[in-house]
Amino acid sequence: ACSGSPWATRRVGHGVLEEIVRKVLLTYWNTVAFHALYARTAGWKPGDGAPPVGERPLLDRWLASRTQALTRDVTDALENFDTQRTGALISAFVDELSNWYVRRSRRRFWDGDPAALATLHETIDVLTRLLAPVTPFVTERVWQDVVRPVDPEAAESVHLASWPEVDETLLDADLDGQMNLARRVGELGRAARAEAKVRTRQPLARALVGSPAWSSLPEALRDEVATELNVAVVDSLAAAGADLVEHSAKANFRALGKRFGKQTPEVAAAIAAADARALATAMKESGRATIDVAGRPETVDADEVVISERPREGWSVVNEQGETVALDLELTPELVRAGLAREVIRLVQETRKASGFEVSDRVELWWEADGEVATALTEHEATIADEVLATYVTQGAAEDSELAGHHDTDLGLTIWLRRV
């Protein structure tokens, strides 16, 4: 076990080990392999051009803060022999690391960004030491293959390394809260797409977000949300939200009957005739509303009225715990072609991988297609070339007859690739 803590030589419980192995270890290993691949591709090593943490992009500062919080919380949990909490903390962190930080920063790794490479390396260093008492053999392998080769001052073994110490100056509770909101908005946006059966690769014109804290997010984080949702613009729901949802109201006859008896049908008819949106607003504000029943006012409670909400045609709206995301589903011809370009990029990337190309390999690309796909390829040629590292893109069959064509029936597209 890592030195520097009184629990270091004591046995860690089997429960946390099972949790780590089942949910965390593979993701941790894949993240390490991802970093090693792009660090090697960029020729990067620690100290190569990365600014201090406080001057790095927002996502880097957030991960640094989360890493320090993890160190603090795992240390506390293990000092109190709480292996179950340790497993939960590390599991949640590794999920954030892989499914948010790495995914949202992937383009920066492709570009060999020193700040991103340094941030992920520093995180892996700390995480490896925190994991060492629980997964001693895998972390030792990572230490020997990833940490020691680039850090001459690193301990001979991860199990001889000092336990990480918390750097309080890197903790940023406000940024953590803002990032949590951004992630929740992303989850709601994906749910809205799934509900509307719109592919993630299909760009949309705009999303509207309803949340009391949305206005507090910095512009850089709002841009991250827009990219995550694959929309051109993200605005507040406050101005347009009332026009996006249609309400309907009907009586809960069982609840009404207990209070109104024979008058229940009359009250039910009045509920159906009332302004459903006004009823919904009143119920949210006070739990009751006043309706007109044959010229006399009557008060009905929330349990006596069934309010239903559904998005207006052309929008997908998802609400959860007071936060709302509304996606504009209208697809212009320009958006459709942009979505087709994304599908072309997907096909080329899958073909690159199946062909055994390295991530840094440059390629030449030939293609044949008709209709909208051909228009999309022509219109978005520069973007496609940039994403797939193509130095040459042209319409028509490959000039080299020995090159195999790769056909996608759904797109009606055939491509040929040659490594440069």
Side-chain angles (χ1 to χ4, degrees), residues 58-59 95-96 99-101 103-107 177-248 276-277 280-281 284 307-346 372-373 375-376 379-380 383-384 387 410-411:
L58 182 143
L59 274 170
D95 179 70
E96 292 177 349
N99 293 324
W100 183 252
Y101 176 78
R103 187 164 57 80
R104 289 271 22 99
S105 304
R106 190 174 294 272
R107 182 69 204 204
Q178 292 169 345
M179 196 66 72
N180 285 338
L181 173 59
R183 295 182 66 204
R184 289 197 302 273
V185 169
E187 291 170 1
L188 291 177
R190 290 193 295 273
R193 277 184 178 269
E195 188 173 286
K197 296 181 173 58
V198 176
R199 300 186 315 274
T200 302
R201 292 189 185 92
Q202 174 59 61
L204 297 175
R206 61 172 175 160
L208 302 179
V209 177
S211 170
W214 177 252
S215 60
S216 68
L217 264 60
E219 183 177 355
L221 195 47
R222 295 189 193 190
D223 290 343
E224 288 290 344
V225 172
T227 305
E228 173 71 8
L229 298 181
N230 195 12
V231 297
V233 177
V234 181
D235 289 324
S236 171
L237 186 65
D243 297 325
L244 299 182
V245 178
E246 293 181 340
H247 295 83
S248 62
R277 180 178 295 172
T281 301
K284 288 179 180 179
I307 302 289
S308 299
E309 296 180 344
R310 64 183 179 87
R312 290 188 182 277
E313 186 175 353
W315 288 85
S316 180
V317 182
V318 173
N319 180 282
E320 186 176 304
Q321 298 180 353
E323 292 165 347
T324 303
V325 172
L327 297 181
D328 185 348
L329 302 179
E330 181 181 359
L331 293 179
T332 64
E334 292 78 13
L335 287 172
V336 170
R337 290 195 294 272
L340 289 172
R342 295 286 188 98
E343 293 295 337
V344 172
I345 291 168
R346 171 197 57 80
E372 282 291 279
V373 175
T375 304
E379 187 174 305
H380 296 276
T383 299
I384 294 170
E387 289 290 330
D410 292 337
L411 289 173

Could you tell me which residues satisfy salt bridge (charged side-chain N to carboxylate O under 4.0 Å, His left out) with [X], sequence neighbours excluded, listed by chain and number?
| X | value |
| --- | --- |
| Arg199 | Glu343 |
| Glu96 | Arg66, Arg183 |
| Glu320 | none |

Set of side-chain contact (heavy atoms from CB on, under 4.5 Å) partners for [X], sequence neighbours left out:
| X | answer |
| --- | --- |
| Thr324 | Leu237, Val317, Asn319 |
| Glu330 | Asp328 |
| Ala191 | Val318 |
| Glu187 | Arg190 |

Set of residues satisfying side-chain hydrogen bond (donor to acceptor under 3.5 Å, both in side chains) with respect to [X], sequence neighbours excluded:
| X | result |
| --- | --- |
| Asn99 | Asp95 |
| Asn180 | none |
| Arg107 | Asp386, Glu387 |
| Glu372 | none |

What residue pairs, at least two apart or across chains, pass side-chain hydrogen bond (donor to acceptor under 3.5 Å, both in side chains) with a residue in residues 213-224?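 Non-adjacent pairs meeting side-chain hydrogen bond (donor to acceptor under 3.5 Å, both in side chains): Arg104-Glu224.
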
